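One structure is given here, and the rest of the page talks about it.
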There are 2 protein chains.
Amino acid sequence: MAQRLFSVGLARHFSRPSNPQLSFPCLEKLEQRSQSLVENGPEPAYAKITEDKVDIFRSTDPIFLDYGGYLPQFQVAYETWGTLDASRSNAVLLQTGLSASSHAHSTAKNPARGWWEDFIGPGKYLDTDKYFVICTNVIGGCFGSTGPSSVDPSDGQVYATRFPIISISDMVRAQHRLVKQHFKIDRLHAVMGSSMGGMQCLAYAHEFTDEVAKVVSISGCARSHPYSIAMRHCQRQVLMTDPNWNKGFYYGSLPPHTGMKLAREIATITYRSGPEWESRFGVERADPSKQPALCPDFLIETYLDHAGEKWCLEYDPNSFLYISKAMDLFDMSLSARAKAARSRRQTEARYNGEYVPDSELEYRPVGQCSFDEPMRENKRTRRMTPEEAAEDLKRGLATLAAKDVLVIGVESDILFPAWQQREMADLLRQGARERGGDGSNIRHVELSKEDSLYGHDTFLLALDHIGVPVSDFLEN
Amino acid sequence: MAQRLFSVGLARHFSRPSNPQLSFPCLEKLEQRSQSLVENGPEPAYAKITEDKVDIFRSTDPIFLDYGGYLPQFQVAYETWGTLDASRSNAVLLQTGLSASSHAHSTAKNPARGWWEDFIGPGKYLDTDKYFVICTNVIGGCFGSTGPSSVDPSDGQVYATRFPIISISDMVRAQHRLVKQHFKIDRLHAVMGSSMGGMQCLAYAHEFTDEVAKVVSISGCARSHPYSIAMRHCQRQVLMTDPNWNKGFYYGSLPPHTGMKLAREIATITYRSGPEWESRFGVERADPSKQPALCPDFLIETYLDHAGEKWCLEYDPNSFLYISKAMDLFDMSLSARAKAARSRRQTEARYNGEYVPDSELEYRPVGQCSFDEPMRENKRTRRMTPEEAAEDLKRGLATLAAKDVLVIGVESDILFPAWQQREMADLLRQGARERGGDGSNIRHVELSKEDSLYGHDTFLLALDHIGVPVSDFLEN
């Protein structure tokens, strides 16, 4: 090709190109950031989360995980608001989305505004005059709980990508130790959360059915769907192909800030919605008097660029990968939950020195990334029909069907689309009826586009629309 | 951070980690491809498109472009099927999507199947017994037409990113020279296209209103929308941050195949649809007996990975950037079209030695990538209200409102969503009525989810649903 391009004999020495070379300030900015990180050292905010900011629960017992791994010991960072009553019956476990810390609200230790500051507090929707609110950083995270940036006590090295694959149900079993062992709470008034938190609350109520009274799942789902997996796949791929990611071993050196920025930009597309952007940015360019450019140029591009820029050092890249994967894997189906339980028992048995032959393991312990031969179109398709998969999901959700459950969905959400919350509510009601109930214990609220154009981020932005049904449900 | 992580005093020499290191075959595969390209040389398929495969039209007159650049001369690769009748009135100009070549159907020169092989031919929906079908490779492309991989005659160097920013209307003005100068066609029976082709047909009919009888816009739009720009922005960013992209100067060395692969994976998400994937892949893993992995693992991931892998050397990365940008910039609004026309006249005047002061230019000729200060939330928002923008678009489309126009949309399309074709048809009908017509010259067909779950790619896959209304419209 080079030959074809350079040997055409048209070269005119000392002549100028027809048009000027485009310039790429967006790339220069990335280089400047790399340079500054090399010179000043990476000092990510999350690395500073210690006990002067959050409380830490330590478990010295191992935790066995859904997909064949284990943590010999672990810690969970948490924060609380309100007061646990004498009967220990007013606790609400608040569960977080992918990138959130336990800092849902300011505390005495950490007066910075929390991510749900205006939702929580005396007289607020999550009323701390009534409830004792507990929020944790999930395991796998980087805000004080054990995750890939933690040290593996087995060999004294940072886990990095020797951290085991974790699941949403692993996260809630870690939370349960805090609730049960530390707070001695036998029954939570409610588990609740948005986004990945809306997955966790289902998992918690499934794993510890008798220890939960109410469940609030906001913009969550009972099982991921292919579009959401596809979008997270792309985020993981752009991060993992950043040379600075270095297969997860970047601690103490230049972090993959470019990959993180790009991943966040893709994620941001899934968090907001087209109609909101249409009314806010339209297709206008940031500076219409300039020639268009290949670097960010439209208002929507500068918005995404800024979102990525702001976030790229706020979160541990490996935590992002593991937790993103846990969301993909989330599946409340009976078959998935049963397989996970069998797998955990096998790992525990081996840990205790029992003999479990490799051939009997639920997951072949290859410790390997499965990449198969390129899939041939229409050859490798699902094994279970959609109808069978729906039945499987209904049976998995059956443990929750007798509980009071509030399901909230948002029409403008493209990541956890409204059909997922409708499906969840429908399957729960079917389950309730099969147990002889009338299904009225399952409440479903869907915010229309008139209520919110904020898409998946609605729970952070349209507090009143979320808060009114939530506070009503928690009290009645 | 490194200190915090490595000095905790837990190191136990000669001990093993709790869990095995994950492996990353997807990254190893990328490295192998790089290695193979270095050893065997990059030989992209598009570099082999020459006159033994396609016909070439050469224009030695310059073309002045919408955004302030120009090409001193250019060539357009094209292919034809059927026979031009004596009155030169049966020609149909078929316009392509972003990544397509002129090879819509096999030819004597090139017997390989075309991208619309089963749609075109004697007795087919685009009937070559009746019509003389012309299909070109767009300028900016890499399949034989002048693009960033071509040599700039001004200095004998490959353009690379000294290629000027181009627009959809620039593409059609290049096509027009072929139609008018080479084929001496005064009036096309129809202009038609899908996706970016559905943009081009509107632009062609706008620029050369009296030279077009019918317009068929399939899965196109009259103006891009923020979600589509956001998704293309991410594709461009992942490509431009691939170190091998090298600001566009990779010709003759290792091409940015990783960036191209990632860009294609993101693009593929926009081309297909969630419901199709739900029924085809569900959330099943490629090999459920293996532990989950951070590399592709779910069926949907192996599908995307394969789509990226297959394409990453099929297309010139710079062509991808410029054409992707042209799609973002597409805007049939009257104000946008008028500004472009003024800009072209200015460039032409300067080329002819006339004095045009910098201060009067439509676009400041910075030749620079405009990147502004980070946008503050809610500060930098659109200048024109959505209502004003709709009125502007209606006025821009007015030139087409008296023509026979067929607009086809697909409900499952997320990239060019069905509201865009409804909007286009509505605005055209309003324009027709304002001119005293009844609007019946504007036909609109929308394929429901029952008709097609293939999303934006429907025109490649559900030929009957597209072909029946198209052939009827072309004939009647």
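What you see below is based on every heavy atom in this structure, not just the backbone, and it leaves out hydrogens, waters and symmetry mates. Keep in mind that what you see is a predicted model, and the values were worked out from it rather than measured. Here is the naming used below: chain letters follow the sequence lines, and residue numbers restart at 1 for every chain.
Ranked by non-hydrogen atom pairs under 4.5 Å with chain B, the options A:T268, A:L321, A:I165, A:D242 are led by A:I165. The residue among B:I266, B:T385, B:I414 with the most heavy atom pairs within less than 4.5 Å of chain A is B:I266. Ranked by heavy-atom pairs under 4.5 Å with chain B, the first of A:C234, A:P417, A:P17, A:G248 is A:P17. Among B:G259, B:G68, B:S279, B:P243, the residue making the largest number of heavy-atom pairs under 4.5 Å with chain A is B:S279.
A 4.5 Å side-chain heavy-atom check between A:F24 and B:K247 finds at least one atom pair inside the cut-off. Within the 4.5 Å cutoff, the side chain of A:C26 has heavy atoms near those of the B:M240 side chain. Side-chain atoms of A:W419 and B:E278, non-hydrogen and from C-beta on, do get closer than 4.5 Å to each other. Annotation: side chain of A:Y227 is not in contact with side chain of B:R272 (no heavy-atom distance under 4.5 Å).
In this structure, CZ on A:R16 lies 11.5 Å from CG on B:D152, to the nearest 0.5 angstrom. In this structure, the separation between CG on A:N19 and OG on B:S154 is 8.0 Å, given to the nearest 0.5 Å. To the nearest 0.5 Å, atoms CD (A:Q237) and OG1 (B:T258) are separated by 10.0 Å.
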Would A:K290 and B:E362 count as a salt bridge (Lys or Arg N to Asp or Glu O under 4.0 Å) if you check the C-alpha gap in whole Å, the side-chain angles of each, and the deciding distance to 0.1 Å? CA-CA 8 Å; A:K290 285 187 187 167; B:E362 290 294 324; over 6 Å; no
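Judged by distance alone, with hydrogens and angles left aside, the side-chain atoms of A:K325 form a donor-acceptor pair with the main-chain N or O of B:A293 at under 3.5 Å. Side chain of B:E284 to main chain of A:R383: a donor-acceptor pair is present (N/O by atom type, distance under 3.5 Å, no hydrogens or angles). The backbone N or O of B:S18 lies less than 3.5 Å from no partner atom in the side chain of A:D155, so there is not a single donor-acceptor pair. When atom types are taken as modelled, the side chain of B:Q291 and the backbone of A:Y363 share no donor-acceptor pair closer than 3.5 angstrom.
Looking at B:A230, both its backbone and its side chain come within 4.5 Å of chain A, counting heavy atoms on both sides. For A:L329, the parts sitting under 4.5 Å from any heavy atom of chain B are the backbone and the side chain alike. Proximity to chain A (any heavy atom under 4.5 Å) is restricted, for B:L27, to the side chain, taken from C-beta onward. Contacts between B:L30 and chain A at a heavy-atom distance below 4.5 Å involve the side chain alone, from C-beta outward.
The minimum heavy-atom distance linking A:E301 with B:R236 is given by the pair OE2-NH2, 2.8 Å.
When each of A:D297, A:L299, A:I300, A:L304 is paired with B:I229, the side-chain contact (heavy atoms from CB on, under 4.5 Å) condition holds for A:I300 and for no other.
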